Amino acid sequence: FLNFFFFFFVRIDGFVQQKVSVEVLDHLEHLALVDFRDSEGVERLQKAIQFADQLQEVNTDGVEPMDSVLEDRCLYLREDDVTEGNCTKELLENAREKLEEYFVAPPGNIPLPKLEERETFLQGS
Amino acid sequence: MTFFFAYSEQYHIVPIASLLHLAPWIPVVGLEIHAQISSNSKLFSGSQVQFAAPPNSLVSFFDASLPGTLPVLNRRCVEAAVMTGLALNCSINKKSLFDRKHYFYADLPAGYQITQQRVPIAVNGSLSYSLCIDNKMSQMVTKTVRIKQIQLEQDSGKSLHDDTRCQTLVDLNRAGVGLMEVVMEPDMCCGEEAAAAVRELQLILQTLGSSQAVMAEGQLRVDANVSVHHPGEPYGVRTEVKNINSIRFLAKAVDYEIQRQIEELENGGTILNETRAFDSKLGCTVPMRDKEGKQDYRFMPEPNLPPLILYDTKSLPANMNHQQVINIDWIQERLPDLPSVKREKLVEQYGILPEHSFTLLNEDGLAEFFESVVKQTQMKPKKVIGWILNDLLSYLKQHSLTVKESPVSSILLADLLNLLEKKEISSTAAKRVLAELWKGEGKTPLEIVKEQKLELLQDQKELEQICQAVMAIKAGNRKVLNKLIGLVQRKTQGRSNPVLVKQLLEKKLSE
């Protein structure tokens with residue numbers, strides 16, 4: 001199920017260590033706005049993948065996947081009462097820019113420029 | 001070859017020759033509907049849910065995504081989703097899960113939305129709705145659309161685009177409000193079906209009270225997925241149409257997009273798998289600028305929420321706090337009559353036609369008004385319905401009034417219909433009284449009848465006299481002329497010139 005894993009994972013079959021391709025790194029930089037910055041950063045990513053791959057050594061046949069250690073806990077249900085809010089001033093203190101109680105943001109998303117158009121060491125790879 | 005043309009529904013001229021040469025197109029329409037849950041507080045926090053409040057006043061630290069805050073699930077939102085699932089014949093998942101859907105946007109402070117992507121709260125339901133064939137109210141067909149799933153999720157904040165100053169203003173009042181996303185399978189084929197299905201869903205939600213579903217206030221948002229293909233071939237590439245603000249526009253947007261795709265393909269073009277916005281002023285769909293290619297939402301389980309467990313009477317745990325338990329059977333037993341059931345009851349109880357029951361339920365408060373009038377009058381419901389649908393409703397529509405705003409109350413109308421039923425006034429006179437009642441000057445029907453001398457009985461007596469007089473004159477009795485003049489005087493309340501009247505009468509009688 002391709003979409004369903006932590007964002008910095010790349011599926012690698014078996015124990016074959018594939019280098020993470022430039023396309024994938026570029027894709028990750030777009031998605032997560034992470035800057036791998038230099039070859040050391042990419043190497044760190046590779047090592048992280050390698051480390052996590054140790055999970056593949058465990059035989060999980062017939063075992064239900066666990067996605068939270070809270071799975072046996074009761075999900076607490078809150079009564080539908082108004083108990084929070086009305087702290088506009090406090091919240092806006094965190095804003096770099098504000099206008100009459102609105103947060104100010106750039107107009108829409110500014111996507112990362114395409115690989116060819118930005119200064120990144122990934123270009124040379 | 002001579003070219004013949006035909007008019008399609010949207011008055012597009014379509015060359016018949018091309019229709020004959022090419023295989024027919026099958027449009028496929030699926031809908032994703034977001035309904036805002038009617039609750040006091042938000043899905044995962046205790047800030048208030050309210051339309052139009054000062055910006056950022058209904059925002060908690062969690063809604064603003066400040067570090068160290070955690071989601072706490074609102075019980076009422078779960079009940080609303082279960083009610084809706086049951087009303088739509090869904091299987092309720094006794095165990096459902098929450099996930100994070102990641103994307104960047106200024107009105108989504110956390111950078112992800114908490115939703116239910118893997119195992120939603122309800123699946124595999126159906127919604128039945130009715131359509132009039134050929135725009136005639138007298139012929140209705142029932143159609144069904146499958147409901148793929150219903151999931152609980154958070155709403156995002158609101159972005160106000162300030163193009164002049166090249167910035168976006170963000171108001172987080174709406175961020176975190178509970179939504180039910182209802183996903184319909186692509187079982188529909190045109191704008192009319194989509195509109196009818198959404199209208200019925202809206203009525204169901206309003207009857208349940210799980211959402212007020214007012215599209216104008218953003219409580220009901222519809223995205224349409226549209227594609228076309230030839231019979232026997234696989235489904236075509238679909239586009240997603242957003243920014244549809246009313247049910248009328250939904251039908252227009254879907255039909256436009258179907259036409260656009262057909263024309264594009266017939267001209268040898270291709271359809272892009274893109275998101276388009278409906279421009280209500282131009283009546284067309286345009287590509288949305290702000291989409292940066294295909295999104296990768298990187299779904300992951302929400303680590304701060306355990307699975308949501310629901311119970312029924314059989315599985316109810318013995319020693320658990322009442323407040324922490326949601327019993328599906330308990331909710332099922334307390335579901336109100338759905339619109340389809342209400343319509344059946346109206347038809348059965350009052351002997352009105354099915355299409356009448358549709359109109360009654362389609363207008364907020366009209367069914368209650370009708371029943372109130374029926375209770376207070378001796379007139380048969382089958383006759384009352386005519387006055388409600390033809391006279392009352394058309395007047396309200398002309399003046400853009402809701403039933404609640406009607407200057408004529410159910411009591412006044414019932415009084416009027418009683419006068420008619422007791423034959424104290426004629427049907428024409430009744431319509432005149434109604435026209436007077438619309439002015440809302442506080443007069444009763446009886447007062448108006450007396451004022452305008454519309455009493456039928458008087459009319460009858462005078463009519464008899466006039467008929468007798470005419471017959472007598474025809475038989476040669478000219479003395480009756482004076483009697484006629486007298487009658488005219490009375491009718492005109494003494495305002496007519498007797499000499500003139502005598503001349504007119506003599507002239508008429510010699511014709």
Side-chain angles (χ1 to χ4, degrees), chain A residues 1-10 24 27-34 64-114, chain B residues 39-41 45-48 54-64 66 72-78 97 99 102 104-107 117-118 159-163 166-172 289-290 292-293 296-309 320 323-326:
Chain A
F1 195 46
L2 222 61
N3 284 334
F4 168 51
F5 41 78
F6 293 94
F7 71 84
F8 52 83
F9 271 52
V10 170
V24 172
H27 185 56
L28 288 172
E29 286 198 338
H30 268 95
L31 283 182
L33 298 182
V34 154
E64 272 294 301
M66 178 178 83
D67 40 60
S68 169
V69 294
L70 301 171
E71 66 181 11
D72 288 330
R73 295 281 202 97
C74 238
L75 175 52
Y76 178 77
L77 295 171
R78 181 176 58 83
E79 277 302 310
D80 186 25
D81 298 318
V82 176
T83 56
E84 300 175 281
N86 269 312
C87 48
T88 318
K89 199 151 157 259
E90 266 178 291
L91 292 174
L92 288 173
E93 269 168 20
N94 287 327
R96 191 179 70 154
E97 229 189 294
K98 48 180 168 261
L99 180 68
E100 279 177 37
E101 300 183 327
Y102 286 96
F103 293 99
V104 176
N109 282 350
I110 303 166
L112 211 57
K114 289 205 175 53
Chain B
S39 61
N40 300 325
S41 57
S45 71
S47 34
Q48 194 182 2
N56 293 305
S57 62
L58 309 176
V59 186
S60 68
F61 287 3
F62 171 76
D63 303 328
L66 299 189
V72 185
L73 184 56
N74 179 339
R75 190 201 155 87
R76 156 69 188 161
C77 294
V78 181
L97 306 170
D99 305 292
H102 299 81
F104 290 114
Y105 210 67
D107 60 24
Q117 192 251 357
R118 287 167 297 157
S159 295
L160 299 164
H161 299 288
D162 184 358
D163 293 321
C166 208
Q167 61 189 17
T168 297
L169 303 179
V170 177
D171 172 15
L172 297 178
R289 285 166 299 128
D290 212 359
E292 330 144 29
D296 179 350
Y297 294 116
R298 293 161 288 144
F299 286 99
M300 69 176 244
E302 168 56 58
N304 294 321
L305 295 170
L308 172 61
I309 309 290
M320 238 175 107
Q323 199 270 339
Q324 289 301 312
V325 168
I326 293 185

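What you are looking at is a predicted structure, and each value in this text was computed from that prediction instead of being measured.
Side-chain N or O atoms of A:Glu79 include none that pairs as donor or acceptor with a backbone N or O of B:Arg75 at under 3.5 Å. Side-chain N or O atoms of B:Asn40 include none that pairs as donor or acceptor with a backbone N or O of A:Asp81 at under 3.5 Å. Under a 3.5 Å cut-off, the side chain of B:Ser57 and the backbone N or O of A:Asn86 do not form any donor-acceptor pair.
Residues satisfying the side-chain contact (heavy atoms from CB on, under 4.5 Å) test with A:Leu75, not counting sequence neighbours, are B:Leu73, B:Phe98, B:Leu305, B:Pro306, B:Leu308. Taking B:Val72 as the reference, A:Tyr76, A:Arg78 meet the side-chain contact (heavy atoms from CB on, under 4.5 Å) condition, with sequence neighbours excluded.
Residue A:Asn94 touches chain B through its side chain alone, counting heavy-atom pairs closer than 4.5 Å. Interface residue B:Asn304: only backbone heavy atoms are found under 4.5 Å from chain A. If you measure heavy-atom distances from B:Ile309 to chain A, you find no contacts under 4.5 Å at all. In this structure, the portion of B:Pro303 lying under 4.5 Å from any heavy atom of chain A is its backbone and not its side chain.
Comparing A:Leu77, A:Thr88, A:Val104 by heavy-atom pairs within less than 4.5 Å of chain B, the highest count is held by A:Leu77. Chain A forms more heavy-atom pairs under 4.5 Å with one residue of B:Gln323, B:Met320, B:Glu302 than with any other, namely B:Gln323.
To the nearest 0.5 Å, atom CD of residue A:Glu90 and atom CG of residue B:Asn56 are 13.0 Å apart. In this structure, the separation between CG on B:Leu169 and CD on A:Glu100 is 8.5 Å, given to the nearest 0.5 Å. With rounding to the nearest 0.5 Å, the separation of CG in A:Leu91 from CG in B:Leu66 is 6.0 Å.
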Assess whether side chain to side chain contact (heavy atoms under 4.5 Å, CB included) is satisfied between A:Val82 and B:Leu58, documenting all intermediate values. CA-CA 10 Å; A:Val82 176; B:Leu58 309 176; over 6 Å; no

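Shortest non-hydrogen contact noted between B:Leu160 and A:Tyr102 is CD1-CE2, 3.3 Å. Across all their heavy atoms, B:Thr168 and A:Pro106 have their closest contact at OG1-O, 3.3 Å.
Residues B:Phe61 and A:Glu84 have side chains not in contact (no heavy-atom distance under 4.5 Å, counting atoms from C-beta outward).
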